[in-house]
Amino acid sequence: MEHFKLQGMSIRQLEHLEQLIRQRREQLIYEDRKRVRDLLIQTARDEGFSIYTLFDLPAPGARARDA
């Protein structure tokens with residue numbers, strides 16, 4: 001892991017660094033959520049469930065249920 005020397009950096013440089021860290025964190029969170037979603041879908045398929053059942057969605061061509 002790289003170590004940054006923060007001492008001597010300007011406010012603008014620190015703000016830019018903070019923005020880069022925030023963007024990277026958001027990207028990692030997105031990738032983790034996508035990976036979990038993909039694993040959930042694959043596991044459901046392996047167990048014989050459809051995506052529609054898994055997410056409680058109406059199947060294509062199915063009539064809408066009355067609430």
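In terms of modelled atom types and a separation under 3.5 Å, the side chain of E47 and the main chain of A44 share no donor-acceptor contact.
Remark: the E15 side chain and the Q19 side chain contain no N/O donor-acceptor pair separated by less than 3.5 Å. There is a side-chain donor-acceptor pair under 3.5 Å between Q42 and D46.
Note that CZ of R45 and CG of L40 are 11.0 Å apart. Values are rounded to the nearest 0.5 Å. Note: L28 CG to Q23 CD = 12.0 Å, rounded to the nearest 0.5 Å.
By the criterion of side-chain heavy atoms lying less than 4.5 angstrom apart, applied directly or through intervening Ile, Leu, Val, Met, Phe, Trp or Tyr residues, I21 is not grouped with I29; the two fall into different hydrophobic clusters.
Between E31 and R35 there is no salt bridge, since no side-chain nitrogen of the basic residue lies less than 4.0 Å from a carboxylate oxygen of the acidic one.
Around CG of L20, the count of heavy atoms belonging to other residues, nucleotides or ligands within 6.0 Å exceeds 12.
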